[in-house]
Each structure stands twice: as structure tokens, then as C-alpha cells.
Amino acid sequence: MQNKKTIHSTVRNQFSQHADYYAQSSVHAKGDTLNALLDFADPKGTEQTLDIATGTGFTAFALAPKVAHVVATDLTPEMVEKAVELAQQQAIKNIAFSVAAAEALPFADASLDLVTCRLAPHHFQDVRAFLSEVHRVLRTDGLFCMNDSVSPESEKLRAWQNRVERLRDNSHVYGYPPSQWDAMITDAGFSLEKTAHTRNAQMSFLWWVRPEKNPPEVVQEIRDAFAQLSPDEAREHYTVQPEGDDFYFSWPTYTVKARRR
Ligand SMILES: C[S@@+](CC[C@H](N)C(=O)[O-])C[C@H]1O[C@@H](n2cnc3c(N)ncnc32)[C@H](O)[C@@H]1O
């Protein structure tokens with residue numbers, strides 16, 4: 001396992017090259033995960049909001065018209081730069097940006113009403129430090145709404161999925177199963193109000209595996225790993241649908257609404 005400093009530089013290295021790719025990714029732009037998060041957040045228009053690991057800003061931009069103000073943060077300066085450019089193009093006024101790690105947030109204690117984080121904690125080295133920081137910056141009764149790709153509860157599939165994700169992208173740290181998220185969020189001082197098993201959009205394997213970046217032997221290793229799943233595992237956990245030389249699939253995701261105690 002890489003140490004925290006190394007993981008942060010691996011993440012920056014990975015995402016600094018992909019700001020345009022993310023900005024154009026329909027998997028990140030829409031789908032169940034964004035709708036579920038907005039539904040759980042259910043803003044009233046008065047919230048001082050923070051979106052952690054905003055990437056190129058999809059979640060922050062969807063929240064901006066529904067809250068008083070959003071600060072969008074991310075570890076990777078190039079992602080933040082792209083988000084700033086997109087916010088200007090979309091004339092979003094009630095938004096500010098900051099380069100910051102999820103594990104060390106540059107905000108005062110109890111200064112926020114709503115914190116969101118979507119499709120990112122599987123890149124965080126220290127998820128407990130992230131949860132502790134979210135707890136610190138939220139006021140009592142403030143809301144934390146999070147969504148992330150998760151692994152199944154089965155130990156075998158948990159190991160399988162995390163290995164495959166890391167093969168494709170070495171900035172993947174760990175996709176926890178829902179039961180571990182529930183325990184960690186509760187331990188960090190939140191009450192779980194709602195949870196939902198969601199999914200990201202169906203993705204083409206040949207698109208997702210990034211053949212332009214990963215060498216053919218790694219692409220083949222990942223393809224072979226999918227072929228080793230049983231038909232039931234492939235269908236039930238990963239919605240695998242063959243299509244010619246390609247196949248479509250999705251990762252399970254988990255959406256959480258938690259109230260700061
Ligand atoms: C999949 S993208 C973000 C998706 C975005 N939340 C959305 O809704 O479209 C993951 C982002 O997490 C950021 N990231 C990874 N580790 C981080 C950390 N420890 N602290 C803050 N941001 C981090 C990366 O720089 C990247 O921009």
C-alpha cells in the first residue's frame with residue numbers, strides 16, 4: 001500500500017491528465033448517482049455547501065441553483081482549473097473553488113450546512129480522516145450526502161473488484177462495501193437517515209479500460225478477470241451485457257444521507 005503522500009501525488013498525476021476526459025464523460029455528468037444525491041440533499045435554498053473532490057464540477061454545478069453558496073474543492077489543480085472554466089461558461093455566480101485534500105479541509109469548524117461528495121472516496125487514502133473532517137466543518141444537524149462506487153459484501157468479489165479497478169487506474173485505493181460505509185459514517189458521529197443502492201451508467205468496457213493509456217497486456221488481464229466471473233456474478237453485481245467484441249457493465253454505487261450529531 002502506498003503512503004498518503006504518494007497516493008495524493010498518484011491521484012494528481014492521474015487526474016491532471018484527464019480533466020478534459022472527465023468534463024466530457026456522460027458517466028460522470030449524469031445518471032442515477034447524481035439524481036440520488038440531489039434527492040437526498042433536498043436543499044431549501046439557504047445552505048452554505050461544500051462539494052468535496054468536485055472533479056470538473058458536475059455535482060457542484062447541479063447544486064448551485066438550489067443552495068445559497070457552494071465551495072467546490074479538489075486535490076488536483078487541473079481539475080479545479082477546468083471546473084472554474086466551465087462555471088464561467090455556465091455563468092454560475094454563487095460558487096467558489098479551492099484546491100484541497102478531503103482529509104484536510106481548509107474550513108472553520110461548524111461553518112457549513114451541507115457537504116456532498118460523489119464518486120470519489122474510493123481514491124482517498126484515509127477515509128476516516130475525510131469523515132472526521134466532514135464532521136468538523138458541518139454544524140450540528142448539518143447534512144452529509146455521499147455517493148461512491150462500492151464493492152459487494154462478498155470477500156471474494158470485494159477483492160476481485162478492487163484488484164480490477166487498481167489494474168486499470170493506480171489511483172484507485174479501495175471501494176468499501178455498503179456495510180463498512182455505514183459503520184464508518186456512524187463511528188464518525190453521524191446518524192444515517194437514508195441509504196440507497198444505486199449504479200453508475202452502463203459503460204463500454206473498451207471505453208472504460210482506457211486502451212490509449214493502459215498497455216494491451218493490462219487491458220487483456222482486466223478482460224480475463226471479467227471472463228472469470230460466474231454468469232450470475234457478472235449479471236447481478238456488474239450488469240454485464242456482451243456486445244460484439246465489447247461488453248457493457250456498471251459498478252454498484254451506494255448513496256448515503258447522514259446527519260451530523
Ligand atoms: C471521479 S472524479 C470526481 C467526480 C465528481 N465528484 C463528480 O461528481 O463528477 C474523482 C476526483 O477525486 C479527486 N480526489 C481524489 N483523491 C482526493 C483527495 N484525497 N482529496 C480531494 N480530492 C481527491 C480527484 O482529483 C478527482 O478529481
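Remember, it's 1-based here, ligands and their atoms both numbered in the order they're listed. Numbers here are sequence positions counted from 1.
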Which ligand 1 atoms, with their elements, are less than 4.0 angstrom from a heavy-atom of [X]?
X: Met79; value: 27 (O)
X: Ala100; value: 21 (C)
X: His123; value: 15 (C), 16 (N)

Side chain or backbone of [X] under 4.0 Å from ligand 1, or both, or neither, by non-hydrogen atoms?
X: Glu103; value: side chain
X: Ser171; value: neither
X: Thr73; value: neither

Give the residue and atom name of whichever protein heavy atom lies nearest to [atom], and the separation in Å to one decimal.
atom: atom 1 (C) of ligand 1; value: Leu119 O, 3.3 Å
atom: atom 17 (C) of ligand 1; value: Phe124 CE2, 3.3 Å
atom: atom 2 (S) of ligand 1; value: Phe15 CE2, 3.9 Å
atom: atom 12 (O) of ligand 1; value: Ala53 CB, 3.5 Å
atom: atom 20 (N) of ligand 1; value: Ala102 N, 2.8 Å
atom: atom 15 (C) of ligand 1; value: Val11 CG1, 3.3 Å
atom: atom 22 (N) of ligand 1; value: Leu75 N, 3.2 Å
atom: atom 7 (C) of ligand 1; value: Arg118 NH1, 3.3 Å

With a cut-off of 6.0 Å (strictly less than), are more than 12 heavy atoms of other residues, nucleotides or ligands near CD of Glu155? no
For Phe226 and Trp160, what are the C-alpha separation, side-chain angles and deciding distance, and is it a ring pair (Phe, Tyr, Trp, His ring centres under 6.0 Å)? CA-CA 9 Å; Phe226 270 94; Trp160 177 90; 5.1 Å; yes
Ignoring hydrogens and angles, write down the donor-acceptor pairs under 3.5 Å from the side chains of residues 215-225, residues two or more places apart or on other chains.
{"unit_1": "Gln220", "atom_1": "NE2", "unit_2": "Asp224", "atom_2": "OD1", "d": "2.9"}
{"unit_1": "Arg223", "atom_1": "NH1", "unit_2": "Asp245", "atom_2": "O", "d": "3.1"}
{"unit_1": "Arg223", "atom_1": "NH2", "unit_2": "Asp245", "atom_2": "O", "d": "2.8"}

Can you tell me if His8 has a non-hydrogen atom under 4.0 Å from ligand 1? yes
Could a heavy atom of Cys117 be found less than 4.0 Å from some atom of ligand 1? no
From CG (Leu138) to OG (Ser111), nearest 0.5 Å: 8.5 Å
Can you tell me how far apart CG (Leu34) and CG (Asn147) are? Round to the nearest 0.5 Å. 9.0 Å
Check this for me: does any side-chain nitrogen of one of [X] and [Y] sit under 4.0 Å from a carboxylate oxygen of the other?
X: Asp187; Y: Arg128; value: yes
X: Arg235; Y: Asp232; value: yes
X: Asp141; Y: Arg259; value: no
X: Lys156; Y: Glu233; value: yes
X: Asp109; Y: Arg136; value: yes

Under the criterion ring pair (Phe, Tyr, Trp, His ring centres under 6.0 Å), I'd like the reasoning laid out for Tyr238 against Phe249: C-alpha separation, chi angles, the key distance, then a yes or no. CA-CA 6 Å; Tyr238 304 115; Phe249 76 105; 7.6 Å; no
For atom 26 (C) of ligand 1, which of the options Leu34, Thr76, Asp74 provides the nearest non-hydrogen atom? Asp74
